[in-house]
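Take a look at the structure set out below.
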Amino acid sequence: MRVDALPLASEFVEHFAAEGIEELYPPQAAAVEAGVCEGGNVVAAVPTASGKTFVAELALLTADGPGLYVCPLRALAREKFEEFDRLPGVDAGISTGDFDSAAADLAGKDIVVATSEKVDSAIRNGAEWVDDLACVVVDEVHLLGAAGRGPTLEVTLATLRRRAPDVQIVALSATVDNPEDIAEWLDAELVESTWRPVDLRVGVHADGSVRFDDGTDAAVPVDTADPATNPDTEVTAELVRGAVADGGQALAFVRSRREAEALAERLTDERLPSVVDAAGASDSGDGADGPDAADATHERGEDAGMDAAAVAEEIREAGGTETGDRLAEAAAWGVAFHHAGLSSDHRALVERAFRERRLSVICATPTLAAGVNVPARRVVVRDQQRYAGSGYEWLPVLEVHQMCGRAGRPHLDPYGEAVLVAGDEAGRTELWDRYVTADAEAVESKLRDPAALRTHTLALVATGFAASQADVLDAFAGTFYASRTPNPDLGGDVGDAIASLIDDDLLAATGDGGIEATALGEQVSRQYVTPDTGVELLAALRTVATMAPEHVTELTAFEVICDTPDMVDTYLGNAERAEIYQFARSHAAELTTGMTEADDFEGWLESVKTARILTEWVDGASVEELVESYRIGPGDLESRIERAEWLLGAADALAEVLGVEMPALASARAKL
DNA sequence: GGGTAGCCTATTTAGACAGCATGTC
DNA sequence: CTAAATAGGCTACCC
């Protein structure tokens with residue numbers, strides 16, 4: 001099937017031709033046959049990089065009205081927005097927490113790209129443009145099964161369909177075990193395919209050789225006898241070296257940030273022969289910080305070496321922290337590490353430089369697999385387990401498949417290779433059965449979780465979609481949960497949720513057996529904080545009202561917001577505990593919780609640490625200082641500042657409803 | 001005294017969505 | 001309470 005045979009205006013056909021899209025990939029053709037261009041609901045369960053974006057564009061461009069593209073990450077939203085905005089004659093908008101299109105004129109856009117939470121939030125705040133949508137595309141719809149965020153996605157989609165009953169739904173999913181269940185819920189045609197533009201072979205290493213699923217074997221010449229080195233790391237290094245020496249790029253996945261950095265350092269010492277294509281090389285940078293010829297044990301391509309030096313320079317310019325310095329040092333040798341402790345600038349730089357083939361290797365924690373597109377010739381999954389709060393757990397099959405799916409660069413590699421590293425035959429068998437031959441998990445609704453029911457029940461009532469328990473149940477009838485459960489008796493659970501919300505003074509019973517949101521409940525819903533955070537904030541604000549005004553400082557404001565479930569925890573090391581304790585004691589008058597009254601003392605002490613970091617930040621401390629003294633990454637600081645901004649706003653709005661004066665909230669926020 | 005190899009113990013451990021208001025030169 | 005890697009402290013030993 002050819003693009004010019006599709007019901008598309010000629011300018012779009014030309015646009016796609018200019019991007020090299022003239023012939024449809026098989027899954028794309030299947031989606032067309034399933035009706036994406038005729039307004040039909042379609043669920044496409046296909047591998048990453050098999051052309052899902054084009055399917056989305058077909059639906060959005062052929063729809064008779066404005067479209068919405070929902071995705072799970074802000075970075076992905078940005079990427080898609082830029083792509084859609086390049087379409088001829090299309091006015092695209094973006095709406096995410098960190099980046100909003102100019103003003104609230106989303107109503108006039110042809111295509112709006114947003115995260116699922118942002119859509120949910122827009123609905124809660126009375127956005128009317130959602131009623132006019134002709135088409136909604138949901139990317140990564142398998143996240144329906146994610147504990148915290150899945151319920152938001154299914155309730156939001158149910159609400160969208162209720163408000164715009166004729167809206168076309170196109171859902172794009174990773175390969176999961178039960179895509180037919182998602183299709184059934186959405187009354188959609190299912191398109192299922194494992195087709196990829198580049199072949200992928202997956203293998204498992206054990207005892208010096210990799211066995212691939214196409215029956216081939218490959219020896220890995222490495223000395224694993226040295227007890228001073230981790231054999232899995234040696235194997236990983238050799239696999240990376242091999243791919244790079246062969247002109248490819250590699251991704252290596254490990255379990256923790258520290259190990260990602262350690263592996264990057266190990267590979268930097270390796271002095272990988274540069275593989276970075278001369279075509280992708282630019283000449284800039286004086287190379288002063290880059291490798292000297294005297295250091296090199298291999299010949300390096302001149303252009304590539306200078307290019308790597310340029311990447312290193314860009315990294316240094318983006319931020320002079322200790323982490324940034326080490327990253328730049330590795331980048332000078334074509335190696336990078338990647339995890340959420342990096343500043344967002346550094347992360348984006350690493351991703352982009354790798355895509356532009358100015359870096360040979362990224363050593364990453366599992367996140368990279370779910371983020372923006374970073375294809376490599378070879379993917380090595382050294383660690384398949386991850387610490388999960390209480391002991392080690394196997395990574396979900398879906399996650400490992402997504403890592404492996406990053407192997408194979410279209411137009412560059414004859415095929416992609418993914419290797420899982422095990423030590424011995426027993427390990428190989430385990431990994432083979434668990435990941436190579438196994439299907440990904442089924443997607444199962446998490447709506448029944450009490451916290452999810454509380455959140456969404458409050459939202460439905462606060463927005464006026466429901467005024468009784470029956471109404472709430474009616475709204476939930478359109479969810480994935482209801483579609484999957486033969487007799488979805490949520491009555492008891494929703495009843496419990498309502499009772500607890502009334503207890504918390506967020507909902508109130510009306511005389512006739514109905515329910516309504518209190519002024520507090522309405523504000524909690526609009527501010528998009530969880531009910532539990534709302535309750536914590538309200539309790540803290542009531543305490544603030546009893547404090548002497550001179551004791552209510554910015555530290556107080558930060559402590560109020562840090563001791564809520566919506567603020568991310570900050571690890572409190574043993575060595576710091578005593579010092580933070582001392583700090584809390586000497587600032588006791590400014591804190592809303594007394595040393596003896598916290599029911600979770602450890603948790604509270606952690607929030608005091610976070611509050612202290614933020615206080616020092618607004619008092620002018622630099623990123624470097626804070627990163628150094630509190631042992632957090634620049635990215636961790638960023639995320640806490642971001643959340644603090646949001647939660648201070650929420651606290652301020654709630655203080656106003658309560659009639660509590662707390663100027664420190666606004667002043668702290670202004671300084672962030 | 002100073003350095004260090006080697007052992008034992010204590011410490012640490014992935015990630016990331018969200019609010020809201022508009023006039024202004 | 002489950003686990004694996006490693007940072008760090010300590011001792012024993014050597015020069």
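In what follows, chains are A, B, ... by sequence order, proteins preceding strands, each numbered from 1. Just so it is clear, the structure is predicted and the values come from calculations on it, not from any experiment. Basis for what follows: all heavy atoms, side chains included, without hydrogens, waters or symmetry-related copies.
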Quiz item: Do A/Glu559 and A/Arg612 sit within salt-bridge range, that is, some charged N less than 4.0 Å from a carboxylate O?
Solution: no
Practice problem: Quick one: label A/Val529 by what it contacts on the DNA or RNA (base, sugar-phosphate, nothing), any heavy atom closer than 4.0 Å. | Solution: nothing
Quiz item: Touch check for A/Ala340, heavy atoms < 4.0 angstrom, all strands: base, sugar-phosphate only, or nothing?
Solution: sugar-phosphate
Quiz item: Reckon A/Leu647 touches a base, only the sugar-phosphate, or nothing at all at heavy-atom distances under 4.0 Å?
Solution: nothing
Quiz item: So what does A/Arg643 hit on the nucleic acid, given a heavy-atom distance under 4.0 Å: a base, only sugar-phosphate, or nothing?
Solution: base
Quiz item: Angle class for the A/His339/A/Phe337 ring planes (parallel below 30°, perpendicular above 60°, tilted otherwise)?
Solution: parallel
Quiz item: Do the side-chain N or O atoms of A/Ser121 get closer than 4.0 angstrom to the phosphate oxygens (OP1, OP2) of B/dG19?
Solution: yes
Practice problem: Look at A/Arg631 and B/dT12 and indicate whether a side-chain polar atom (N or O) is within less than 4.0 Å of OP1 or OP2. | Solution: yes
Exercise. Select base, sugar-phosphate, or nothing to describe what A/Arg669 touches, counting heavy atoms under 4.0 Å on all strands.
Key: base
Exercise. Tell me what A/Gly148 touches on the nucleic acid: a base, only sugar-phosphate, or nothing, going by heavy atoms under 4.0 Å.
Key: nothing
Exercise. For A/Thr96, answer base if it contacts any base atom (sugar-phosphate contacts may also be present), sugar-phosphate if it contacts only those atoms, and nothing otherwise; contact means non-hydrogen atoms under 4.0 Å.
Key: sugar-phosphate
Exercise. Round to a whole Å and report the spacing from NE2 of A/His456 to P of B/dA18.
Key: 14 Å
Quiz item: Does A/Arg640 or A/Ala650 map to a spot on DNA chain B nearer the 5' end, using the closest nucleotide for each?
Solution: A/Arg640
Quiz item: Does the side-chain ring of A/Tyr387 lie flat on the base of C/dA4, meaning centres under 5.5 Å and planes less than 30 degrees apart?
Solution: no
